[in-house]
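Heads up, the thing below is written out as structure tokens.
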Amino acid sequence: MADPAIHELRERASKLRAFAEHVQELPDRVHTEAARMDWSGPLTDRVRSEIGTWKTRCGDVADRIREEADRLDEEANRLTQRAASENMPR
């Protein structure tokens with residue numbers, strides 16, 4: 001039977017990747033909608049710039065979340081290898 005800790009690490013990594021996708025998609029929707037709008041005014045450039053900044057920051061956060069998910073998967077792999085080596089006949 002697989003170690004529950006390994007399963008838990010992989011499950012958390014999967015959830016983190018899904019969360020990263022949501023973080024990435026959130027500003028994409030706003031950016032897309034703002035691009036479709038025909039609007040102008042004294043704050044237009046500022047608002048578009050802030051949306052772009054927000055999109056970049058969310059992308060950076062999503063990347064960090066994915067890195068944490070990768071770290072959890074690496075730990076799960078390490079534990080799997082260790083368990084396999086401990087169960088090998090000597």
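Both backbone and side-chain heavy atoms feed into the values below; hydrogens, waters and symmetry mates do not. Residue numbers count from 1 along this sequence.
Judged by distance alone, with hydrogens and angles left aside, the side-chain atoms of T32 form a donor-acceptor pair with the main-chain N or O of D28 at under 3.5 Å. Side chain of T56 to backbone of G52: a donor-acceptor contact under 3.5 angstrom is found.
Applying side chain to side chain donor-acceptor pair (under 3.5 Å) to D73 and the options R12, R17, R78 leaves one that passes, R17.
Classification of R66 and D63 as a salt-bridged pair holds, one side-chain N sitting under 4.0 Å from a carboxylate O. Ion pairing of R64 with E67 is absent here, as no side-chain N (NZ or NE/NH1/NH2) approaches a carboxylate O to less than 4.0 Å. A salt bridge links E33 with R36: at least one charged nitrogen is closer than 4.0 Å to a carboxylate oxygen.
Taking the side chain as every heavy atom from C-beta outward, D3 and R82 never approach each other to under 4.5 Å. Using a 4.5 Å heavy-atom threshold, the side chains of I6 and R10 count as touching.
In this structure, CD in E75 is found 9.5 Å from OG1 in T80, a value given to the nearest 0.5 Å. We find the CD-CZ distance between E68 and R71 to be 4.0 Å, quoted to the nearest 0.5 Å. Distance check, rounded to the nearest 0.5 Å: CG of L79 to NE2 of H7 gives 14.0 Å. Atoms CG and OG, from L72 and S14 in turn, are 11.0 Å apart once rounded to the nearest 0.5 Å. Atoms CD and CG, from E21 and L26 in turn, are 12.5 Å apart once rounded to the nearest 0.5 Å.
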